[in-house]
Number of protein chains: 2
Amino acid sequence: MQPCKGSARVQSNQFVIYIVAMDDQTDQTRKPRADAVRNRERVLEAAKLVFNAGGPEASLEAVAKRAGVGIGTLYRHFPTREDLFEAVYRREVEQLSELAEQLKSAKDPVDALRRWLRSGVEFVATKKGMVATLALAVQSGSELHAFSFERLTKAIGSLLDRAITAGAMRADISPEDLLRAFFGMCYMHDQPGWQASVLRMLDVFVDGLRAQPAAKTKARRTAPAKAPVKRKR
Amino acid sequence: MQPCKGSARVQSNQFVIYIVAMDDQTDQTRKPRADAVRNRERVLEAAKLVFNAGGPEASLEAVAKRAGVGIGTLYRHFPTREDLFEAVYRREVEQLSELAEQLKSAKDPVDALRRWLRSGVEFVATKKGMVATLALAVQSGSELHAFSFERLTKAIGSLLDRAITAGAMRADISPEDLLRAFFGMCYMHDQPGWQASVLRMLDVFVDGLRAQPAAKTKARRTAPAKAPVKRKR
DNA sequence: GAAGATACGGAGGCACCCTCCGCTTAACAA
DNA sequence: TTGTTAAGCGGAGGGTGCCTCCGTATCTTC
């Protein structure tokens, strides 16, 4: 919303403001314009429709048109495509986050993780634009798009930690790693059978995450480096 | 190159019989123009540079400019961006394919698969545009871009089959599944530590692929559904 | 009701995609 | 060599999308 772009917002405090400058006073008290609030909501609504249907590449001008606002208005409220994604899918990210919270009470911690991942697949299946949020959370690094990244990392991290402390899962995988792998698998949606394929692959993956029973730990985890990899090329 | 596109061309001639015969004859013998051959090569060379550096999104007009040809010439030789990718990375795909062949003589079939996947990561790391080839092979379905898809599927399939028949790997995963998962993981490159992350995840994944020792086989592998061979396509 | 802050919209500049077509040029035959 | 002609060339041009900028309209406040 950013009602007052300048002024590093000192927050509702009359005294300091008065002292510092007149300018701040108006910034503090003036409430956001009604049309601005309305338009922002319209754009969000339109973006949800357009992104869910058309995926992350959808035209922003189409969004603006659908919302019945000018392209300039869209850009004022959401300066980048990413901002818009984050706003549109914030709720979904929160839902995933809450789901992780709930799953922490499940008996089997490994299965809890698996179920969380499966839910993630469903989200992506329903909302084609969701994958862009994942992409941004994962690809843009933690600084930008902090919200989604943090929430998702935390969600996956809590499930991971629980499984690790229970001794059910190997300890050398970070939540970020897992998030990236998950996102990567979801990314190749769009072919016919993608959903089933991803679910199969996730099962394989979760199986791989289980703590090795030491019986068949053969050559793995002896050397974290990559000794036997390349060969000439 | 398509040297004789038409040939339904009735044109210039007096007898019907003449048409067919003459037509075929000239089509057969006329050799491709030297400038066409030269330009095609130039475009390929430029595309390799541009794609390796700029990734799959790079501008085709930049490629044309770098090659010193008009944009029309580029499009004539490679009607779609995908065609260009395939031509540029054909050799790389072949190399990966051959590597799979070599790895079939390794002792441990599971490890062979792992090594192949790791080599794939290296290819992607070196050539940023390579990921586009993977994307096309995986995403566009088997009909188009048949070359890369077939080669890669075959390569991964042969390694997979060997491991499965050796009883070292679960049998309910298809080469296509695996290829997609692999590509997906590679797709999220571009952050700092992506390569290490992907290698870790691939290890996890391959571990998950190992045949379950029946001790902890919980709900998995209820329906193998597909013979150990590749099936379909 | 007036003033001033705030938001609106869309024109316009840029980049890229891809097609189309008049001109050029290489291959071949005579 | 020269003429013929298909094949190839290049780039203008039309389309789409991104994003910015600024004159105008509207809202809030007094």
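Fair warning: this is a prediction, and the values are worked out from it, not measured in the lab. To find a chain, count down the sequence lines: A is the first, B the second, and so on, and within it residues start at 1. Only heavy atoms go into these numbers, but all of them, side chains included; no hydrogens, no water, no symmetry mates.
Put simply, CZ on Arg76(A) is 16 Å from P on dT24(D), counting in whole angstrom units. Atoms NE2 (His77(B)) and C1' (dG10(D)) sit 12 Å apart, rounded to a whole Å. Ile71(A) places its CD1 atom 15 Å from the C1' atom of dG13(C), with the value rounded to the nearest Å. As rounded to whole Å, 16 Å separates atom P of dT20(D) from atom CZ of Phe78(A). Protein atom CG of Leu84(A) is 11 Å distant from nucleotide atom P of dC18(D), rounded to whole Å. What separates CZ of Arg40(B) from P of dG10(D) is a distance of 16 Å, to the nearest Å. Atom NZ of Lys31(A) and atom P of dA5(C) are 19 Å apart (whole Å). For the pair Arg38(B) CZ and dA26(C) C1', the interatomic distance rounds to 10 Å; values are reported in whole Å.
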| said: For a salt bridge (charged side-chain N to carboxylate O under 4.0 Å, His left out) check, start with the C-alpha distance between Asp203(A) and Arg118(A), then their side-chain angles and the critical distance, and finish with the verdict. | reply: CA-CA 9 Å; Asp203(A) 272 350; Arg118(A) 285 173 162 262; 3.3 Å; yes

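The phosphate of dG9(C) has OP1 or OP2 within less than 4.0 Å of a side-chain N or O from Thr73(A). Between dG8(D) and Asn39(B), no contact under 4.0 Å exists linking OP1 or OP2 to a side-chain N or O.
With hydrogens and angles ignored, the 3.5 Å screen pairs a side-chain donor or acceptor of Thr126(A) with a backbone N or O of Glu122(A).
Considering only residues two or more places apart in sequence or on other chains, Val50(A) meets the side-chain contact (heavy atoms from CB on, under 4.5 Å) condition with Ala58(A), Val63(A), Arg66(A). For Lys127(A), the side-chain contact (heavy atoms from CB on, under 4.5 Å) partners at least two apart in sequence or on another chain are Asn52(A), Tyr89(A), Glu92(A), Phe123(A), Met130(A). In this structure Ser197(B) satisfies the side chain to side chain donor-acceptor pair (under 3.5 Å) test together with Asp177(A), sequence neighbours excluded. Remark: Glu61(A) pairs with Ser59(A), Ile71(A) by the side-chain contact (heavy atoms from CB on, under 4.5 Å) rule, at least two apart or across chains.
The shortest distance between side-chain heavy atoms of Met185(A) and Arg180(B) does not fall below 4.5 Å.
A pairwise comparison of heavy atoms in Phe78(B) and Ala87(B) identifies CE2-CB, 3.7 Å as the closest pair.
Checked against dC18(D), dA11(C), dG9(C), the side chain of Val69(A) finds its nearest nucleotide in dG9(C).
The base of dT29(D) does not come close enough to the side chain of Arg30(A) for any donor and acceptor atom to sit less than 3.5 Å apart.
Place Gly68(B) and Arg81(A) on DNA chain D by their nearest nucleotides, and Gly68(B) ends up nearer the 5' end. Ranked by how close their nearest DNA chain D nucleotide is to the 5' end, Ala34(A) and Ala62(A) are led by Ala62(A).
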All N/O contacts under 3.5 Å from nucleotides 22-25 of chain C to the protein, with atom names and distances to one decimal?
{"from": "dT25(C)", "atom 1": "O2", "to": "Arg33(B)", "atom 2": "NH1", "distance (Å)": "2.9"}
{"from": "dT25(C)", "atom 1": "O2", "to": "Arg33(B)", "atom 2": "NH2", "distance (Å)": "3.4"}

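Tyr187(B) and Tyr187(A) have parallel rings, their planes meeting at less than 30° on a 0 to 90° scale where 60° marks the start of perpendicular.
Residues of residues 41-61 of chain B having a heavy atom closer than 4.0 Å to DNA chain C, listed by number: Ser59(B), Leu60(B), Glu61(B).
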